[in-house]
*Asks:* 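Let me begin by handing over the structure; questions about it come next.
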Number of protein chains: 2
Amino acid sequence: MAPRTTQILEAAARLIARRGVRGLRVEELAAEAGVSTGLIYYHFKDRTGILRQTLEFISDRAERYTAGHVARAEPLDPRAELEETLLLELQDTPVVRENSTAWGELRASAVFDADLRDDLARATLVWVQEVAALLGQVQPTAPAPALAAAGERLTAQLEGLSMRWLSGGLRIDHARDLLRGAIDAEVAALRGD
Amino acid sequence: MAPRTTQILEAAARLIARRGVRGLRVEELAAEAGVSTGLIYYHFKDRTGILRQTLEFISDRAERYTAGHVARAEPLDPRAELEETLLLELQDTPVVRENSTAWGELRASAVFDADLRDDLARATLVWVQEVAALLGQVQPTAPAPALAAAGERLTAQLEGLSMRWLSGGLRIDHARDLLRGAIDAEVAALRGD
DNA sequence: GTCTATAATCGGATAGAC
DNA sequence: GTCTATCCGATTATAGAC
């Protein structure tokens, strides 16, 4: 991909995280990317095209981000590794907030845009499987389908809590506590199986 | 509430579910409701006011159909009651789909629109407390804070699963199975406390 | 490829008649 | 209470120079 295109998409992702899909202004995007509006329209067909490519870009980047974390492979015990992986997404730092916000926008946009769904589903699957694998290290005797289901639940739980946090309904510390509680409950249920 | 207001709010809920909050145009709302744009502004302060009242309308309506199921002929045991209340929101029927879609949109919009947050938080709290109360009937010995936390988790879990369903990442039957599993895990954890 | 300047459109909001 | 007509600022999108 052309460097200019990437530069604009990165700026668009930042802006979507800050203002939302609805709040993205082409002129503001140009300023954020350090180019002119004319150039935006040279590289993209129209505003919808920008949006579509940016949302694809966000879901691609999410895959890389998750993969990078796995490759880091620190010698934590499985349970701590699981907890850290999930709690990583519930931190009030600029980068996490931006990623989570953009991800939420992507998820919400996909409800009305079928073209986005495949990418989103793929990125979600990678994430679910990573969590399921970590759960498998915590409870090696648990059957695979139970691990898969717990992975789906915990990631969906995290998305739900994240949205409440971002929409101002939950303070971050409380959201983290709640997520820890959910992990406890799921791990206990896998042990009970 | 004035019949005209209700008529407009019903149209707004339909439109939000169909096009998203982002796609709601006052002119289109007028057409959908069968009135003029001028009348919309007679009944509502501005576009945000429409959104805010639609949010209230949607959560009231959700309560109403929840309450409707409570008033069934044969009273269910608390556990079944809890499960049915939550699963009610995960059904592929027009009215539930419309409500869930609109709710998801408003949640996502609140991330960028502070004006929506208070109402959203209030509506969420009512819901969380209702679920906590049902949990309290299932596990009367559980301490109140544990019930509150479980209520917050289960409702956030449901929102997360609902978004995945609506964005095409999860089939409805599977989403329902996952939610049942989450209820099992939470109830078991409360028993263990 | 990139910019500046500007045309064209969109959409929220209001005025005023009935 | 309700409508028609319209205003006007905000944004998208294009033209044309470099």
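Just so we're on the same page: letters track the sequence lines, and every chain starts at 1.
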*Asks:* Salt bridge check: are B:Arg176 and B:Asp173 linked by an N-O gap of less than 4.0 Å?
*Replies:* no
*Asks:* Write down the distance between CG (A:Leu51) and P (D:dT11), rounded to a whole number of angstrom.
*Replies:* 15 Å
*Asks:* Please name the pair of heavy atoms, one in A:Arg117 and one in A:Phe112, separated by the smallest distance, quoted to 0.1 Å.
*Replies:* NH2-N, 4.4 Å
*Asks:* With a 4.0 Å cut-off, would you call B:Glu83 and B:Arg79 a salt bridge?
*Replies:* yes
*Asks:* When the distance from CZ of B:Arg22 to C1' of D:dT12 is rounded to whole Å, what number comes out?
*Replies:* 19 Å
*Asks:* May I have the distance from B:Asp113 (atom CG) to C:dG12 (atom P), rounded to whole angstrom?
*Replies:* 14 Å
*Asks:* With the threshold set at 4.0 Å, does a side-chain nitrogen-carboxylate oxygen contact exist between B:Arg14 and B:Glu98?
*Replies:* no
*Asks:* Can you tell me if the side-chain N/O atoms of A:Arg25 get under 4.0 Å from OP1 or OP2 in D:dA10?
*Replies:* no
*Asks:* At under 4.0 Å between heavy atoms, what does A:Leu24 touch on the DNA or RNA strands: base, sugar-phosphate, or nothing?
*Replies:* sugar-phosphate
*Asks:* Salt bridge check: are A:Glu152 and B:Arg164 linked by an N-O gap of less than 4.0 Å?
*Replies:* no
*Asks:* Would you please say whether a donor-acceptor pair under 3.5 Å links the side chains of A:Thr124 and A:Arg107?
*Replies:* yes
*Asks:* Looking at DNA chain C, which of residues 39-50 of chain A put a heavy atom within less than 4.0 Å of it?
*Replies:* A:Leu39, A:Tyr42, A:His43
*Asks:* Grab the CD-C1' distance between A:Glu27 and C:dC3 for me, whole Å please.
*Replies:* 14 Å
*Asks:* Atom CD1 of B:Ile8 and atom P of D:dG1: how far apart are they, to the nearest Å?
*Replies:* 11 Å
